[in-house]
Amino acid sequence: QEIPLKYGANRLGKRSDAAMKKFRDNRLGAFIHWGLYAIPGGEWNGKMYNGAAEWLKSWAKVPADEWLRLMDQWNPEKFNAKVWAKMARKMGVKYVKITTKHHEGFCLWPSKYSNYTVAQTPYKKDILGELVKAYNDEGIDVHFYFSVMDWSHPDYRYDIKSKDDEVAFARFLEFTDNQLKELATRYPTVKDFWFDGTWDASIKKNGWWTAHAEQMLKDLLPGVTINSRLRADDYGKRHFDSNGHLMGDYESGYERRLPDPVKDLKVTRWDWEACMTLPENQWGYHKDWSLSYVKTPLEVLERIVHAVSMGGNMVVNFGPQADGDFRREEKEMADAIGKWMQQYGECIYGCDYAGWDKQPWGYYTHKGKEVYMIVFNPPYSKHLVVKTPKGTKILKATVTNGKEVAVTETARNEYNVDMPAKAPEGPFVIKLQIEENVSSADKYR
Ligand SMILES: C[C@@H]1N[C@@H](c2cn(-c3ccccc3)nn2)[C@H](O)[C@@H]1O
């Protein structure tokens with residue numbers, strides 16, 4: 001029995017409109033975390049902090065006014081939006097999510113509602129505007145990351161404990177509405193808002209505002225997508241409302257983690273987007289990446305394929321340097337992923353969950369009448385075991401260069417797909433042509 005909610009999910013099931021289909025078909029995105037935190041890069045008063053660099057203000061307990069003085073040093077002389085857009089194009093991402101404002105409160109656009117923006121720095125120019133144009137000119141969609149929590153704003157409250165808190169936080173929510181309307185009207189090609197900094201009690205006690213913010217943006221930008229992390233319902237329940245229904249247009253809880261391909265198949269019932277960092281937990285630029293494990297291109301690629309195989313998107317994070325250039329590891333990552341996507345992107349873009357049982361050799365994705373096998377762990381047996389759902393037959397198996405590999409039926413709905421004679425150097429794709437809803441010949445007992 002469902003309970004009545006005023007601010008719960010306002011839609012059941014996946015959105016089926018063209019804008020959501022584009023969001024879904026994009027599949028691979030990049031995150032850009034760029035802000036004042038890139039200047040200190042994890043170090044404060046000669047002390048290196050190994051926590052997330054974009055949280056340095058918090059780790060080093062820096063007062064807001066002292067932290068915001070970093071603005072005097074904001075002058076990325078190597079910044080070139082066209083170069084960034086070319087890098088994204090070469091990596092094969094179809095969209096880029098940009099931090100318009102992170103928790104620190106510094107705005108990459110000249111907001112007229114704040115004194116802490118690019119306009120008040122030596123750089124002066126509208127960085128966000130330059131990036132939106134450059135990415136869009138490369139055919140790449142732009143999504144906005146927006147942190148509701150704002151450490152620069154005197155009216156922000158972590159909780160509402162008094163009438164004064166209520167009055168201040170009401171002013172803060174109006175300020176936030178103004179900034180969101182400003183972003184939507186200044187940059188109308190934006191396709192998505194990805195809200196963060198919404199876990200505090202103050203927001204959970206104002207679920208009504210989160211529903212209002214979603215509707216306000218959808219009225220201003222028809223088709224725009226909104227992540228579940230913005231949303232709290234009448235009772236402060238986040239992401240999924242008190243009746244268990246997903247709020248927003250896609251689940252955005254998989255940050256630096258992924259659903260299990262066997263135990264968490266429920267996620268295939270809704271749209272979702274994961275995001276990940278190259279080090280263990282660094283979104284903003286940190287000068288010392290030796291402090292944690294840094295993922296290889298293969299490990300990043302496996303996470304991208306894992307997400308798509310379960311009907312999700314994957315966003316890979318980049319933390320540009322204060323000077324507007326990218327560190328070597330990130331340039332190399334973009335290059336390596338791009339090379340693979342160039343050759344095998346058809347098993348990612350526009351693909352979805354195949355509904356077949358996960359096998360140890362890798363992952364399946366599905367598009368139209370084809371199922372793709374993405375092989376990460378070739379077996380000593382030289383056979384890739386495939387179990388198809390009841391009524392589904394494999395007609396043919398080809399590797400990307402068009403060469404067929406043998407398919408042997410070994411039992412009802414079970415096949416051995418041969419490894420190609422010359423196994424490729426790295427993860428590769430076998431494309432299966434399938435026939436569904438066939439009655440399996442009764443040759444089995
Ligand atoms: C997408 C990522 N989300 C931000 C984040 C938030 N948190 C966090 C930290 C403590 C409690 C709740 C959430 N940790 N990281 C990171 O700073 C980055 O922006």
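We count ligands from 1, going down the list as the structure has it; atoms in each ligand are counted the same way. Computed from a predicted structure; not experimentally measured.
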Can a salt bridge be assigned to the pair [X] and [Y] using a cut-off of 4.0 Å between side-chain N and carboxylate O?
X      : Y      : value
Glu174 : Arg171 : no
Asp25  : Lys21  : yes
Asp159 : Arg157 : no

Task: contact_flag Trp194 ligand 1 heavy-atom lt 4.0 Å - done: yes

Give the residue and atom name of whichever protein heavy atom lies nearest to [atom], and the separation in Å to one decimal.
atom                    : value
atom 16 (C) of ligand 1 : Glu54 OE2, 3.4 Å
atom 7 (N) of ligand 1  : Trp55 CZ2, 3.7 Å
atom 6 (C) of ligand 1  : Trp199 CH2, 3.4 Å
atom 3 (N) of ligand 1  : Asp196 OD2, 2.8 Å
atom 2 (C) of ligand 1  : Glu255 OE2, 3.3 Å
atom 18 (C) of ligand 1 : His33 NE2, 3.4 Å

Task: Partners meeting side chain to side chain contact (heavy atoms under 4.5 Å, CB included) with Lys78 (sequence neighbours left out) - done: Asp323, Asp325

Task: Set of residues satisfying salt bridge (Lys or Arg N to Asp or Glu O under 4.0 Å) with respect to Lys387, sequence neighbours excluded - done: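 Salt bridge (Lys or Arg N to Asp or Glu O under 4.0 Å) check on Lys387 returns nothing, list empty.
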
Task: Tyr145 and His103 aromatic ring geometry - parallel, tilted or perpendicular at 30°/60° bounds - done: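 Geometry flag for Tyr145 against His103: tilted rings.
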
Task: Atoms in ligand 1 with a heavy atom of Tyr145 nearer than 4.0 Å - done: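 Atoms satisfying the 4.0 Å criterion: 19 (O).
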
